[in-house]
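Here is the structure we will look at.
Along the sequence shown, residues carry numbers from 1. The shown structure was predicted, so the numbers you read here are calculated from the model rather than taken from an experiment.
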Amino acid sequence: IVELAQRSVTRVLGCEEFADFQEDFPDYDPQNVAEICAEINVISSEISLSLMPKPFDWIPIPAGQVTLGKGFNDKAHSVGQTFTVDSFDMAKYPVTNAQYAKFIEAGGYNNDAWWTEAGLAQRNKESWTEPRFWSNSDFNSAQQPVVGVSWYESIAFCLWLSEVIGENIMLPTEDQWQYAAQGEDG
């Protein structure tokens, strides 16, 4: 783990392994791996902040518990259940057209590596080359939130950003989204 964390090429993997190790041995870190891993989190945030046009920022969401209520689907299996949510970072603002343009400029719609298998099939079936309303002047100001993107396009954007900054970026789960919105107040 120490060697992985010390090498720049494998640092993210090493830090992920170290985080798992610390769950079982929270007080054991004789070679200061935690310090190395803290640095990459700062660097990753700095990279994403410098890459993405403003406004862009991460907001830390502390660990806690959330009870899911009724949503649009009254038959949801998780209604009324309480879940533990680990701490995570979430984008403070919706992704703007200017930010999403970075994905398009990087070949986002042409690089199959950033698409899930189902997303790739849908992209090819629908011949997607940009979001649905990308050319509509009512929705395409640089600072407006990007609209007309499917779940698959959103995942591809997250996978692209993950690769660019070297950190795992993903859409929030239902539990994370609800917890970020309401906290523990319910």
Side-chain angles (χ1 to χ4, degrees), residues 12 15-24 26 34 37-103 108 114-116 118-119 122 131-134 138-186:
V12 172
C15 289
E16 288 172 356
E17 292 294 324
F18 180 69
D20 291 341
F21 175 82
Q22 277 204 306
E23 288 179 17
D24 294 327
C37 294
E39 289 175 17
I40 69 159
N41 288 335
V42 170
I43 292 168
S44 295
S45 289
E46 289 173 359
I47 292 170
S48 61
L49 293 175
S50 68
L51 170 75
M52 301 303 280
K54 293 184 186 226
F56 190 82
D57 202 0
W58 298 106
I59 185 165
I61 308 295
Q65 292 191 325
V66 63
T67 302
L68 299 183
K70 282 189 176 181
F72 67 91
N73 181 354
D74 290 340
K75 298 177 186 173
H77 68 278
S78 55
V79 170
Q81 291 184 4
T82 300
F83 296 92
T84 298
V85 178
D86 292 332
S87 63
F88 64 100
D89 288 348
M90 187 173 198
K92 189 172 183 178
Y93 309 102
V95 174
T96 65
N97 288 314
Q99 293 160 354
Y100 198 84
K102 295 286 190 182
F103 168 68
W114 296 324
W115 293 78
T116 63
Q122 192 67 27
R132 177 185 263 171
F133 301 109
W134 194 249
D138 290 336
F139 302 108
N140 71 3
S141 170
Q143 296 303 311
Q144 286 179 303
V146 65
V147 297
V149 291
S150 69
W151 182 83
Y152 297 118
E153 289 165 296
S154 299
I155 294 296
F157 175 84
C158 289
L159 292 173
W160 162 76
L161 187 56
S162 295
E163 184 176 308
V164 169
I165 69 169
E167 191 171 321
N168 185 24
I169 307 295
M170 193 47 65
L171 295 176
T173 64
E174 179 181 4
D175 303 350
Q176 289 172 329
W177 184 256
Q178 188 69 32
Y179 182 64
Q182 76 182 32
E184 292 185 345
D185 295 339

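- Remark: Y100 OH to E153 CD distance equals 4.5 Å, nearest 0.5 Å.
- Contact of the W134 side chain with the V146 side chain is registered, since non-hydrogen atoms from C-beta on lie closer than 4.5 Å.
- Annotation for C158 and I169: closest pair CB-O, 3.4 Å, computed over non-hydrogen atoms.
- Closest non-hydrogen pair, L159 versus M170, comes out as CD2-CE, 3.8 Å.
- Residues S154 and V149 share a closest heavy-atom pair of OG-CG2, 3.8 Å.
- Expressed to the nearest 0.5 Å, how far CG of L161 lies from CG of N168 amounts to 10.5 Å.
- When every heavy atom of P131 is checked against every heavy atom of V147, the shortest pair comes out as CB-O, 3.6 Å.
- Residue A63 comes nearest to Y179 through the heavy atom pair O-OH, 3.2 Å, listed as atom of the first residue, atom of the second, then distance.
- Within the model, atoms CE of M90 and CG of L171 stand 9.0 Å from one another, a figure rounded to the nearest 0.5 Å.
- Shown here for Q182 and V66, the closest heavy-atom pair between the two residues is NE2-CG2, 3.4 Å.
- Taking the six-membered ring where tryptophan is involved, the planes of F157 and F103 are perpendicular, since the angle between them exceeds 60° and thus also 30°.
- For the side chain to side chain contact (heavy atoms under 4.5 Å, CB included) test, residues two or more places apart in sequence or in another chain that qualify with A91 are W58.
- Under a 3.5 Å cut-off, the side chain of Q178 and the backbone N or O of E174 do not form any donor-acceptor pair.
- To the nearest 0.5 angstrom, K102 atom NZ is 10.5 Å from T96 atom OG1.
- Rounding to the nearest 0.5 Å gives a distance of 10.5 Å between CD of Q99 and OH of Y93.
- Note that CG of D175 is 10.0 Å distant from OG1 of T82, once rounded to the nearest 0.5 Å.
- Environment of CH2 in W177: sparse, with no more than 12 heavy atoms of neighbouring residues, nucleotides or ligands closer than 6.0 Å.
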